[in-house]
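Below: the structure, in structure tokens.
In what follows, chains carry the letters A, B, and so on, assigned in the order in which the sequence lines appear, proteins first and then strands, with residues in each chain numbered from 1.
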Protein chains: 4
Amino acid sequence: MSNLPPPDRNGTRALLLDVAERLFAEHGFEAVSVRQLAAAVGANVAMVNYHFGTKQQLLEEIITARLPETRERLESLSRSPLSPWEKLSLTVDMYAEKFFQGRDFHRLIMREMSLRQRPALVKIITDHLAHNLALVRGFILDGQQNGMFRPVDAELTVATVFGSFSSLISHCSLMCAILEEDCEEDIYSEKSQIRFKAHLKGMLQAHLMGA
Amino acid sequence: MSNLPPPDRNGTRALLLDVAERLFAEHGFEAVSVRQLAAAVGANVAMVNYHFGTKQQLLEEIITARLPETRERLESLSRSPLSPWEKLSLTVDMYAEKFFQGRDFHRLIMREMSLRQRPALVKIITDHLAHNLALVRGFILDGQQNGMFRPVDAELTVATVFGSFSSLISHCSLMCAILEEDCEEDIYSEKSQIRFKAHLKGMLQAHLMGA
Amino acid sequence: MSNLPPPDRNGTRALLLDVAERLFAEHGFEAVSVRQLAAAVGANVAMVNYHFGTKQQLLEEIITARLPETRERLESLSRSPLSPWEKLSLTVDMYAEKFFQGRDFHRLIMREMSLRQRPALVKIITDHLAHNLALVRGFILDGQQNGMFRPVDAELTVATVFGSFSSLISHCSLMCAILEEDCEEDIYSEKSQIRFKAHLKGMLQAHLMGA
Amino acid sequence: MSNLPPPDRNGTRALLLDVAERLFAEHGFEAVSVRQLAAAVGANVAMVNYHFGTKQQLLEEIITARLPETRERLESLSRSPLSPWEKLSLTVDMYAEKFFQGRDFHRLIMREMSLRQRPALVKIITDHLAHNLALVRGFILDGQQNGMFRPVDAELTVATVFGSFSSLISHCSLMCAILEEDCEEDIYSEKSQIRFKAHLKGMLQAHLMGA
DNA sequence: GATGAATGAGAATTCATTCAT
DNA sequence: TATGAATGAATTCTCATTCAT
């Protein structure tokens with residue numbers, strides 16, 4: 001019951017985490033130098049190593065800090081007494097909000113997964129996401145067992161949902177072109193989010209429960 | 001009267017293109033040094049610059065050389081007298097084959113699109129893919145106009161299909177975990193490809209035409 | 001209460017400026033590598049870039065730092081109440097001292113001017129020197145207006161004086177041969193300087209004022 | 001008595017000599033790459049080494065080929081029955097013509113002399129020029145012996161004449177500024193040459209023979 | 001916590017030159 | 001003579017990291 005002052009009150013460290021997340025997401029981990037980072041937060045070059053040990057540890061901290069969030073929300077959803085379809089529907093809502101809001105973070109981990117550069121990090125990310133998606137798959141399997149859902153390919157259905165989110169976030173320039181938006185502000189607007197949720201839910205409904 | 005097979009012509013150059021595609025796909029453009037590349041093909045360090053000018057121009061050549069392929073196949077499909085659903089179905093087949101076979105290339109361009117490092121390259125890729133996806137959207141719109149398809153969100157449907165492919169290729173470690181495969185050989189096997197095609201077509205059918 | 005003399009402050013930076021001036025003057029900018037420079041001052045290769053950004057910026061700093069000196073002295077001479085001839089005579093003295101003492105620097109800027117490699121730098125040097133020589137020409141024009149000097153070609157007279165200095169500094173091996181000196185120590189000795197001043201003043205006197 | 005076709009009828013070799021002289025003069029020996037040279041004459045990279053052995057031997061051939069010219073003309077002038085002043089006057093004419101016309105060559109050898117990079121080459125140039133200037137000094141000494149010239153400093157007088165030419169050629173941008181010409185075409189025009197000859201002869205006359 | 005100088009490894013690139021054809 | 005690919009050394013510069021203050 002120690003009422004400490006908020007532990008990350010220290011400005012530089014928190015700033016570095018924030019700015020690094022954005023810069024890594026935009027240009028890639030290897031393309032952002034420690035000097036650029038330091039300059040971007042108005043700190044000394046040595047601060048990254050002082051606070052995080054190495055540049056890679058900074059990356060690891062960015063990622064591991066935010067990974068557990070989704071897991072917790074999915075698990076509580078899983079324990080709730082809602083119907084499988086309601087759980088799936090809320091899952092779509094939650095993912096949409098998370099991905100749209102934390103675009104940088106998700107672009108970052110998705111790109112990290114597509115590389116074979118830092119296997120330990122890939123494993124951490126993969127384990128987290130796989131656990132989450134297994135929960136989502138559970139919703140589908142539940143629905144199939146009680147006859148509410150048709151016998152679709154549950155794993156690939158989950159993959160399709162995840163891929164839709166992932167692509168919308170990672171390939172923003174392409175999505176702008178497809179959606180004929182002027183990009184960036186438009187594509188991640190509240191309106192777009194609503195449209196995207198409706199599309200995914202509609203498709204899942206047809207897929208799982210028929211028209 | 002020497003009708004030799006091109007003897008050693010372009011040996012080094014072609015080798016570099018091949019090996020670079022694989023290495024860039026695996027570790028990312030910035031993480032692969034020119035020295036590594038040269039070592040991997042058993043050539044001198046200077047050969048990359050000799051043949052391509054700069055490392056980035058090598059990347060550009062890799063990408064621009066293979067981009068037009070898909071476009072041509074989609075355009076001929078577009079001109080064919082098949083029904084919208086048949087066109088869509090063949091499109092799924094073609095994309096599956098292309099993505100599964102040319103995994104390295106597609107991982108590469110998808111990661112490139114997710115970065116803001118080389119805007120000119122992103123534009124080239126985006127333009128090509130957007131053109132292709134506009135053709136696919138055309139198939140959906142055609143189906144909707146002749147009453148065969150339901151009034152779904154055509155653009156986001158296309159995005160979902162693309163996202164499914166993209167994620168399957170780019171996030172291979174995650175997909176392995178979801179599909180409970182031992183990865184790599186399994187996930188891109190003939191069997192998986194058939195499964196994936198069936199899933200996508202089934203989902204599209206339910207989405208577009210009802211159960 | 002430590003009123004230390006600047007202890008080791010700027011050690012490396014100042015050393016680099018000094019040594020680079022000498023090496024650039026002797027072998028030419030392009031022929032001196034950053035490695036050689038670093039080795040010559042016992043510093044790390046990266047120090048040139050750390051302190052000056054690029055090798056060329058080091059050159060620019062060497063040059064722009066010392067250019068203004070002469071200007072100030074000529075301007076104060078210009079404002080003085082001396083006669084035109086006295087001004088000219090003191091100008092010869094000053095130039096002789098400057099050139100003999102700062103041989104490396106002057107060889108450097110003179111060679112730089114003879115190249116078309118770094119136009120921005122050439123412009124800076126040219127502007128400075130042209131301003132200075134315009135002041136010297138002013139002394140001649142003044143003398144001509146008040147009837148003390150004959151109507152010689154003022155611009156080319158200035159050019160001749162400058163050329164004499166320049167050649168003595170830049171073509172040292174040739175000057176040694178002409179003057180039948182054993183070179184280097186002899187040619188830039190106090191004795192030589194006196195001889196050179198006397199020659200130039202004598203020639204100018206005959207040229208401007210008759211025997 | 002073999003009436004061969006002129007031996008340097010071979011285009012590439014002669015072209016290389018010409019173009020290299022110009023490029024070396026403009027940008028300096030070290031700044032001009034063999035590839036640039038080859039490109040400038042539309043030949044293959046290997047041609048420089050094929051024709052001249054090394055890049056430096058190309059430089060040496062450029063220089064040694066043209067050095068003897070002036071010597072011969074001065075020696076024949078020396079043997080002529082003209083008066084010392086006439087000889088000096090013709091010397092000024094000859095130098096002016098040579099320097100103005102062969103600017104590139106003279107800029108090149110003058111810059112070479114100001115470096116300590118290629119001592120053997122410096123020695124060859126120095127020996128040639130020193131021999132020539134010794135002849136010119138002889139004209140002055142002759143005039144002094146027969147009482148026509150005053151007892152000026154003969155060596156430095158020669159140095160001044162040489163320095164005037166040298167500076168006019170090497171520091172063209174500065175000379176343009178002093179002479180308020182728009183440069184390049186103007187400064188080396190026929191008119192400028194006449195002006196320069198008149199100035200030098202006038203100055204020498206006053207210096208050597210009084211007004 | 002923070003600074004600025006310093007380090008050593010490694011990056012991409014360019015160089016003159018060579019060689020088989 | 002001429003070509004184009006190839007070589008290996010050397011170039012400038014940037015990197016993450018460290019250290020004394």
Go through the steps to decide whether A:D18 and A:E21 satisfy the test side-chain contact (heavy atoms from CB on, under 4.5 Å), and finish with yes or no. CA-CA 5 Å; A:D18 268 9; A:E21 180 181 281; 5.9 Å; no
Distance, rounded to the nearest Å, where A:L16 contributes CG and E:dG1 contributes P: 11 Å
Find out whether B:L59 and B:L108 are in side-chain contact, i.e. whether some heavy atom of one side chain is under 4.5 Å from a heavy atom of the other. yes
Rounded to the nearest angstrom, tell me the gap between atom CZ in A:F52 and atom P in E:dA2. 11 Å
Any side-chain heavy-atom pair of D:F29 and D:L58 under 4.5 Å: no
Can you measure from OG (B:S170) to CE (B:M113) and round to the nearest 0.5 angstrom? 8.5 Å
Starting from P on F:dT12, measure out to NE2 on C:H51 and report it in whole angstrom. 18 Å
Say you draw a straight line from OG1 of D:T64 to CD of D:Q57; how long is it, rounded to the nearest 0.5 Å? 10.5 Å
Gap between atoms CG and P, on A:L15 and E:dG1 respectively (whole Å): 13 Å
Let me have a per-nucleotide readout for nucleotides 14-21 of chain F, 5' to 3', with B, S or -, counting only protein heavy atoms under 4.0 Å. BSBBBB--
For DNA chain E, please output the secondary structure as dot-bracket, reading 5' to 3'. Pairs are Watson-Crick or G-U wobble, both atom distances under 3.5 Å; mark crossing pairs with [ ], other-strand partners with |, unpaired with a dot. .||||||||||||||||||||
Within this structure, what is the CE-CG distance for the pair D:M47 and D:L37, rounded to the nearest 0.5 Å? 13.0 Å
Suppose you measure atom C1' in E:dG1 against the same atom in F:dT21; what distance do you get, rounded to whole Å? 13 Å
Reckon C:T12 has a side-chain N or O less than 4.0 Å from the OP1 or OP2 of E:dA5? no
Could you give the distance from CD (C:E30) to CG (C:L115), rounded to the nearest 0.5 Å? 6.5 Å
Hey, mind stepping through A:R118 and A:E60 against salt bridge (Lys or Arg N to Asp or Glu O under 4.0 Å) and telling me if it holds? CA-CA 10 Å; A:R118 291 165 278 275; A:E60 285 163 13; over 6 Å; no
Between atom CG in B:L59 and atom P in E:dT13, what is the gap in whole Å? 12 Å
